[in-house]
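To find a chain, count down the sequence lines: A is the first, B the second, and so on, and within it residues start at 1.
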Amino acid sequence: MALDDRTPPQTGHGVAVLVELPKHAGLSGTLSYRAATPLPVGQLLRVPLGRRVVCGIAWGDEGPLADARATPVLDEGAADAPVRRDVAEVLDALPPLGPGWRALIRFAAAYYQRAPGELALSVLPADLRELDTAALQRRLRRLDKRLGRTPPPAPKRRRGAAAATTAPETPVEPGPEPLPPPVLPDLSEEQRLALDALADAAERADPVLLHGATGSGKTEVYLRRVAAALDAGRQALLLVPEINLTPQLEARIRARFPGRVTVALHSGLGPAERLQNWLAAHLGWADIVLGTRMAVFASLPRLGLIVVDEEHDPSYKQQEGARYSARDLAVWRARQEGVAVILGSATPSLETWHNALPSPEGTGRYHRLGMPTRIGAGALPQVRLVDLTRLQEQFGRQMLRDQPFAPPLLAALRDRLERGEQSLVLLNRRGYAPVLHCPGCGWKSDCPHCSAWRVFHKLDRTLRCHHCGFAERVPRACPSCGDPDIQPIGRGTERLEEQLATALPGARIGRIDADTTRGKGSLEAQLAQVHDGDIDVLVGTQMVAKGHDFRRITLVAALQADAALFSSDFRAPERLFALLMQAGGRAGRDAAQAARSELWIQTWHPQHPLYAALTAHDYPAFAAGQLLERQQAGLPPFSHLALLRCEARTQESAMAFLAQAARRAAELQTQQPAWADILVYPPVPPSVQRVANVERAQMLVESPSRPALQRLLAAWLPSFQDDARQAGARVLRWAVDVDPLAI
DNA sequence: AGCACGCCGACT
DNA sequence: GTCGGCGTGCTC
């Protein structure tokens with residue numbers, strides 16, 4: 001309905017509206033408009049803002065969850081209130097965004113220190129924000145047709161009746177007509193026990209950690225719980241870390257639940273499809289929503305279950321804008337809406353593990369279920385450590401450095417080749433060599449715009465900066481002294497591929513990394529090549545270690561794993577352990593070959609406890625060791641972190657801005673005793689200090705109490721606006737990252 | 001962030 | 001005389 005703004009109603013109803021205004025705008029919270037009729041909270045609107053008409057959401061204070069900082073800038077009584085403008089349009093063809101969704105937005109905005117309007121609008125599909133009533137009607141008709149439904153459903157549905165009414169008359173995607181009911185796989189004893197426990201936990205809506213080995217059948221357990229949610233007339237939300245993993249799972253879900261509506265929500269969808277799928281979820285027409293981290297913000301009026309697969313995966317943390325953790329928000333949302341949440345992983349994050357350990361070791365907040373056994377296949381792959389320190393007596397240090405593979409590993413690769421089995425070699429570095437070097441004058445291939453080396457890519461003959469993208473044709477001679485003898489230092493996947501071809505003549509070598517998977521569908525094509533047996537040895541970065549099912553690989557080798565052992569990033573060991581377990585999980589998924597599948601690791605530190613735990617496939621031992629170290633160092637989950645980042649024209653101004661912020665924090669801390677034990681560390685430049693000619697600096701804040709940290713941040717951040725203005729144009733932007741992954 | 005208004009150089 | 005550079009400032 002369009003309201004006529006030439007004849008504004010004399011006695012309109014005031015309505016608080018969330019609109020997208022970045023914090024810099026100096027406005028936060030809601031803006032006040034006038035509407036002809038009272039509007040329900042959560043109603044989507046179009047409102048005039050400046051010279052534009054923008055999308056807004058009717059908002060209001062909603063009890064204890066309301067964000068205290070989101071007070072309207074103006075209220076009814078304000079003397080200097082500008083004339084309230086009229087709501088331009090009410091999109092009442094859509095039901096209002098529900099209380100669960102609104103509470104999630106309120107919480108996430110407050111927790112991650114963003115304006116509620118900015119967060120709320122940024123998690124809606126871009127096309128929805130542009131829609132007026134007429135366009136919306138068109139979209140809804142098209143969606144109706146696609147889902148083969150007739151009139152929109154009543155907003156509330158009785159349990160039991162739902163199954164019949166939600167079933168569309170035709171499948172969502174063009175495909176075979178009515179499918180026969182799928183044959184359910186038999187459950188293992190472990191799966192049965194886990195499902196019993198999950199049913200119990202679901203009654204109480206307790207969060208559950210499903211700690212299941214790779215290949216233990218976690219997905220089947222998820223699907224059984226999804227079935228239970230659907231039978232109860234509810235919607236299920238499944239989160240996966242990467243887009244790459246959605247098509248596989250989506251196909252499996254569609255086959256498993258024919259007649260149910262499954263939609264995907266991730267950034268790989270086009271704007272139109274994204275809107276359609278979002279609408280299907282919001283209207284309650286979709287039964288299953290499968291997506292990446294953004295999907296945690298889907299509007300789900302009948303939500304009954306949330307699954308977070310591979311919950312430890314760093315991709316769940318958004319790295320720009322509102323830097324939220326979709327996994328943490330999933331747990332919060334489930335608790336708030338009183339529904340079950342399952343976190344699944346073979347190598348849980350230490351935060352989750354700590355929450356799943358009973359007191360006094362952990363918090364006991366989550367229920368822990370273990371599924372240690374691999375289905376069908378026998379044992380997990382045997383872990384073999386290649387002790388480079390011992391081998392150097394025999395072969396010399398230089399030879400071990402120059403050759404990618406120590407002789408025993410090379411022999412093992414030859415064995416597989418002779419037996420017609422496949423191998424996977426992991427190296428976490430793209431390109432031919434990470435840096436070029438001139439032995440004559442000491443020149444190195446640095447990036448003119450970043451404090452980083454440019455990587456030599458031999459295939460397209462370029463020097464390429466992986467931070468800013470700056471690329472140039474590789475020089476024939478040293479650009480500094482003219483010496484033609486410039487040399488690559490180190491090794492990336494391109495070079496490894498080349499060296500493998502020499503070491504294993506006749507072997508068919510393949511490579512999968514971000515460079516070989518540029519085009520749409522090229523990852524799938526290359527994976528198919530591996531599946532079809534067209535490849536003997538596959539070289540890849542960590543992207544191949546995730547999720548893909550390689551039935552015929554019996555050897556996985558990890559090169560240069562040691563780097564993570566001594567990284568300054570306190571989470572590096574956790575990530576390495578997860579990566580190696582996951583990589584090992586690629587091997588021997590075929591029962592016939594499981595017995596001789598192996599995970600090889602070349603290391604100078606074979607006695608390291610991480611490798612000992614890995615060899616024993618003992619995640620609990622690894623986690624116990626790590627948690628002890630974290631506790632002693634006062635790191636998460638035993639403390640709570642926030643990272644204040646600043647980007648500026650010069651390093652000095654970035655540091656000065658942070659130093660000023662530190663003084664503000666100190667002031668606040670003297671005023672509020674509860675904040676006294678929060679530690680604000682001195683500002684430091686990050687490991688890559690300059691990117692694309694922008695200088696960066698960061699400052700760590702550490703607190704034993706999460707609420708205290710939250711309150712300090714909320715009181716602290718508003719002061720930055722003035723300080724940045726005083727710093728002038730040199731300070732470009734700042735952002736706070738609550739619960740940062742890397743510091 | 002958008003998207004204005006606002007005040008000084010090369011073009012019809 | 002206009003078209004247009006992007007420097008401040010506002011948005012219920």
J.: Do A/Pro301 and A/Trp101 come within less than 4.5 Å of each other through their side chains, counting heavy atoms only?
T.: no
J.: How close or far is atom P of B/dA1 from atom CG of A/Leu732, stated in whole angstroms?
T.: 10 Å
J.: Output the rounded distance in Å from CZ (A/Arg129) to C1' (B/dA1).
T.: 12 Å
J.: Does anything in residues 42-54 of chain A form a salt bridge (charged side-chain N to carboxylate O under 4.0 Å, His left out)? List the pairs, not counting sequence neighbours.
T.: none
J.: Knowing that exactly one of A/Leu119, A/Leu713, A/Leu329, A/Val736 qualifies, which makes a side-chain contact (heavy atoms from CB on, under 4.5 Å) with A/Tyr112?
T.: A/Leu329
J.: Round to the nearest Å and state the distance from A/Glu20 atom CD to B/dG2 atom P.
T.: 8 Å
J.: How many whole angstroms separate atom CG of A/Asp86 from atom C1' of C/dT11?
T.: 16 Å
J.: Write down the distance between CG (A/Leu18) and C1' (C/dC12), rounded to a whole number of angstrom.
T.: 13 Å
J.: Round to a whole Å and report the spacing from CG of A/Leu21 to P of C/dC12.
T.: 9 Å
J.: Just the rounded figure in Å: distance from C1' of C/dG9 to CZ of A/Arg51.
T.: 10 Å
J.: Partners of A/Ser687 by side-chain contact (heavy atoms from CB on, under 4.5 Å), sequence neighbours excluded?
T.: none
J.: Give the rounded distance in Å between these two atoms: CD of A/Glu130 and P of B/dG2.
T.: 11 Å
J.: With a cut-off of less than 4.0 Å, is there a side-chain N or O of A/Arg84 near OP1 or OP2 of C/dC12?
T.: no
